[in-house]
Participant: 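If you scroll down you'll find the structure; I have some questions about it.
Each residue takes its place number in the sequence, starting with 1. Keep in mind the model is a prediction, meaning the values are calculated, not measured.
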Amino acid sequence: MDIALAGWAWGMRNIHEIALIIGVVALLPFFFFDINGSSDQAKTAGATVLIGVYWVFEAFPIPVTSIIPIFLFPVMGVLNSEDVTPLYFNETIALFFATNIVALAMEKHNLHRRVALRTLLIIGDRPRTLVLGVMLICALMSCFMSNTATTAVMAPLVMSIVQSASGTPAAIKPSYREFSDSEIEISRSVRQEKVDDYGEVQDGYLSSNDLPYSSVSDDGCAADEVADVHTKKQGASKFMIAALLGTAYSASVGGAATIIGTGTNLAFVSQFEALFPSPDAPDISFGIWIVFAAPFVLLCLFLLWLWLCFMYMRDVSDVNISCNELERLYGQLGPVKIEEGIISGTMTLMVLLWLTREWWGTEVPDVGDAVVAVMGALILFASPTFPRDPDSGAVTIRWRERLLNWKDCKNISWGICLLLGAGYVIAEAFTVTGLSSTLGNMLSVVGNVPVIITIFICCFFVSFITEVVSNVAMASLILPVMAELAVASGEDPLVLMIPVTLACSLAFMLPAATPPNAIVFAYDVLRVSDMVRTGFVLDVGGVFLLTVW
């Protein structure tokens with residue numbers, strides 16, 4: 001038994017290196033047989049298996065694995081390199097790139113913080129209503145920003161509120177323990193790799209191995225977000241747990257409301273366009289998506305709130321909230337700046353143009369959602385700053401100091417761009433080699449299964465597998481299969497692809513499932529058991545809701 005446990009521990013410590021070998025070993029047999037009489041189909045299947053293994057077990061960082069198709073498919077003779085490389089920057093990726101720039105402008109000038117604080121002050125001090133308001137704010141911010149940035153902004157504000165409530169600890173912060181010098185160096189290298197190389201940590205880019213090292217202080221301490229979970233402060237109220245879980249869950253769900261809100265939605269658009277390039281295929285625009293997905297997200301948020309109320313806020317009579325801290329934080333922002341007004345106006349213009357493209361798009365049919373997003377980014381790059389003199393209050397215009405500059409764009413999520421591009425290449429290879437049709441014929445045996453059962457099984461599988469696997473990587477791998485499964489069943493591909501895409505945003509059970517979960521878990525409040533018993537019901541309930549939606 002001891003030998004088996006030691007072997008298991010060794011395997012877990014070296015899982016990345018083991019996966020590196022397993023991927024290659026899994027690829028090799030595909031060179032020695034054909035699929036449906038085609039060697040290219042076999043090679044495509046083998047390459048997809050290798051990339052999938054590397055994504056799931058992170059043999060390389062996910063963005064590094066995402067550039068493997070540029071090398072692998074041309075070398076195997078499946079696709080031409082001239083056809084592969086343009087797929088890494090097409091209209092969908094340009095849309096993500098430009099909206100990322102606009103979101104960075106919001107963060108740079110603290111517009112998101114001002115909106116959040118002001119809204120919380122308006123909501124007031126009723127505990128249940130406050131949690132609902134926090135969830136709505138997080139969801140709205142996640143429609144245009146990454147869920148990681150949203151949670152990083154909102155979690156400290158939420159803690160400022162709940163710490164002012166009677167019966168709660170005065171200062172609950174992420175817990176710390178001492179690490180050795182070697183552990184500290186590993187911690188800093190992990191943070192450097194995860195953040196500086198390709199922007200902030202994105203959906204599914206945080207694994208359980210990273211959690212103990214995700215926050216390193218200069219004095220040699222690191223946030224211990226996994227170990228010693230049984231030593232959580234006993235004074236933390238159930239209201240505090242509800243507020244933190246509501247923050248994380250709503251940030252993850254809210255991004256599903258818009259195409260640009262999460263990488264899984266963009267992966268769906270890219271896969272659908274690559275698999276069904278026919279002019280008869282529907283155009284998945286910003287407006288069309290939000291009309292379908294926003295009601296689902298609102299209903300999902302309401303059900304999330306009801307479940308949190310049932311679990312943790314049935315009796316809130318002893319919770320007395322003070323908003324003095326919020327008022328202090330809001331006062332520190334000072335008066336509304338002209339820059340904030342320009343950003344707000346630009347975002348409003350972009351959203352209006354996206355929502356009304358069905359009307360004005362008939363006059364300029366060549367203009368898509370990406371063009372609107374790039375227009376907004378260019379406006380911000382061209383706008384000057386308006387510094388205010390602290391003594392006189394006078395405002396000056398500085399054209400040499402633009403509202404946004406290229407240095408601010410170092411935190412663009414380049415890794416997500418590469419991941420989306422890899423999904424495009426895989427879908428293109430499936431189509432060109434005919435593997436998609438072969439897969440459809442193989443799946444025709446399920447044609448007699450009721451579609452509602454198929455949707456439930458697929459969404460259930462995806463929802464739970466994304467607890468441990470990057471949701472964008474999972475979407476890139478499974479959406480081509482869902483498309484062919486729908487065709488084999490005689491259904492519209494969207495019937496399966498959209499629910500599965502939305503299911504990728506339903507990961508509530510584990511701290512490592514999403515960056516928002518990890519961020520709120522860092523506070524010395526939650527136990528893993530809190531997330532599991534709350535998140536399991538939400539995972540299953542979300543799957544049922546998707547099935548009947």
Side-chain angles (χ1 to χ4, degrees), residues 132 135-136 138-140 142-143 147 245-246 248-259 261-262 264-265 267-269 271-272 276 282 284-285 287-311 443 445-467 471 474-475 478-509 513-514 532-549:
L132 179 60
M135 294 174 67
L136 291 174
C138 289
L140 180 62
S142 289
C143 289
N147 57 15
L245 289 179
Y249 293 165
S250 56
S252 295
V253 173
T258 63
I259 284 180
T262 179
T264 55
N265 293 355
F268 157 72
V269 174
Q271 296 278 346
F272 184 75
F276 304 99
I284 311 297
S285 66
I288 291 175
W289 180 269
I290 202 171
V291 168
F292 169 81
F296 166 79
V297 168
L298 288 174
L299 179 57
C300 195
L301 286 173
F302 181 68
L303 295 177
L304 284 173
W305 176 71
L306 288 180
W307 180 242
L308 291 175
C309 287
F310 175 77
M311 289 286 291
L443 295 172
V445 294
V446 301
N448 296 325
V449 177
V451 66
I452 193 169
I453 296 178
T454 304
I455 293 174
F456 176 80
I457 293 174
C458 293
C459 290
F460 187 88
F461 169 77
V462 168
S463 176
F464 280 87
I465 202 67
T466 51
E467 296 286 349
N471 52 8
M474 173 53 59
I478 202 168
L479 284 174
V481 179
M482 293 299 100
E484 296 307 324
L485 179 58
V487 172
S489 303
E491 300 288 343
D492 188 319
L494 297 177
V495 171
L496 276 182
M497 294 181 75
I498 290 179
V500 166
T501 300
L502 294 175
C504 290
S505 297
L506 305 179
F508 305 124
M509 287 177 54
T514 65
V532 171
R533 67 195 183 98
T534 307
F536 177 78
V537 174
L538 294 176
D539 277 3
V540 175
V543 170
F544 272 108
L545 183 60
L546 277 174
T547 303
V548 301
W549 187 250

Participant: Hey, what do you get for SG (C458) to CD1 (I453), rounding to the nearest 0.5 Å?
Facilitator: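 C458 atom SG to I453 atom CD1 measures 11.5 Å (nearest 0.5 Å).
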Participant: List in chain and number order the residues that pass ring pair (Phe, Tyr, Trp, His ring centres under 6.0 Å) with F461, two or more places apart in sequence or in another chain; answer none if no residue qualifies.
Facilitator: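 F461: no ring pair (Phe, Tyr, Trp, His ring centres under 6.0 Å) contacts found.
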Participant: Taking atom CE of M474 and atom OG1 of T264, what is their separation to the nearest 0.5 Å?
Facilitator: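 The CE atom of M474 sits 12.0 Å away from the OG1 atom of T264.
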Participant: Step by step, would you call F508 with V253 a side-chain contact (heavy atoms from CB on, under 4.5 Å)?
Facilitator: CA-CA 10 Å; F508 305 124; V253 173; 3.5 Å; yes
Participant: Please find the pair of heavy atoms, one from L301 and one from A139, that lie closest to each other, and give the distance.
Facilitator: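 Distance-wise, the nearest heavy atoms are CD1-CB, 3.4 Å.
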Participant: Mind checking whether C504 and I478 have side chains closer than 4.5 Å, heavy atoms only?
Facilitator: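 Counting from C-beta outward, C504 and I478 never come under 4.5 Å.
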Participant: Using 0.5 Å steps for rounding, measure from the CZ atom of F302 to the CG atom of L136.
Facilitator: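 F302 atom CZ to L136 atom CG measures 10.5 Å (nearest 0.5 Å).
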Participant: If you compare all heavy atoms of F276 against all heavy atoms of M497, which two are closest, and at what distance to 0.1 Å?
Facilitator: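 The answer is CE1-SD, 4.2 Å.
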Participant: Rounded to the nearest 0.5 Å, how far apart are CG of N265 and CD1 of I498?
Facilitator: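 N265 atom CG to I498 atom CD1 measures 9.5 Å (nearest 0.5 Å).
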Participant: Could you report the tightest heavy-atom contact between C459 and L546, atom names first, then the distance?
Facilitator: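 In terms of heavy atoms, the two residues are closest at SG-CD1, 4.2 Å.
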Participant: Using every non-hydrogen atom in the two residues, find where I455 and P499 come nearest and quote the distance to one decimal.
Facilitator: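 Taking I455 first and P499 second, the nearest heavy atoms are CG2-CB, 4.0 Å.
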Participant: What residues, two or more places apart in sequence or in another chain, satisfy side chain to side chain donor-acceptor pair (under 3.5 Å) together with T258?
Facilitator: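 T258 satisfies side chain to side chain donor-acceptor pair (under 3.5 Å) with no other residue.
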Participant: State whether the side chain of S463 and the backbone N or O of L506 hold a donor-acceptor pair below 3.5 Å, judged by distance alone.
Facilitator: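 Yes: the side chain of S463 pairs with the backbone of L506.
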Participant: Step by step, would you call L308 with M135 a side-chain contact (heavy atoms from CB on, under 4.5 Å)?
Facilitator: CA-CA 11 Å; L308 291 175; M135 294 174 67; 4.1 Å; yes
Participant: Could you pull out the closest heavy-atom pair between Q271 and P480, with the gap in Å?
Facilitator: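 Smallest heavy-atom distance, with atoms named: OE1-CG, 3.2 Å.
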Participant: How far apart are the closest heavy atoms of T262 and S505, and which atoms are they?
Facilitator: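 Taking every non-hydrogen atom into account, CG2-OG, 4.3 Å.
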Participant: Could you give the distance from OG1 (T501) to CG (L496), rounded to the nearest 0.5 Å?
Facilitator: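 Here the interatomic distance stands at 10.5 Å.
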Participant: Ring centres of W289 and F268 under 6.0 Å apart?
Facilitator: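 So the answer is yes for these two rings.
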Participant: Nearest 0.5 angstrom please: L538 CG to L545 CG, how far?
Facilitator: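 If we round to the nearest 0.5 Å, L538:CG and L545:CG are 11.5 Å apart.
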Participant: side-chain contact (heavy atoms from CB on, under 4.5 Å) for F292 and L502? Distances and angles first, verdict last.
Facilitator: CA-CA 11 Å; F292 169 81; L502 294 175; 4.0 Å; yes
Participant: Report yes or no: does S142 contribute a side-chain atom to a donor-acceptor pair with the main-chain N or O of A251 at less than 3.5 Å?
Facilitator: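 Looks like yes, one N/O pair under 3.5 Å.
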Participant: Side chain to side chain contact (heavy atoms under 4.5 Å, CB included) with A248: which residues, sequence neighbours excluded?
Facilitator: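 For A248, the residues satisfying side chain to side chain contact (heavy atoms under 4.5 Å, CB included) (neighbours in sequence not counted) are P516, N517, V520.
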Participant: How are the rings of F460 and F464 set relative to one another: parallel (under 30°), tilted (30 to 60°) or perpendicular (over 60°)?
Facilitator: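 Judged by the thresholds at 30° and 60°, the geometry between F460 and F464 is tilted.
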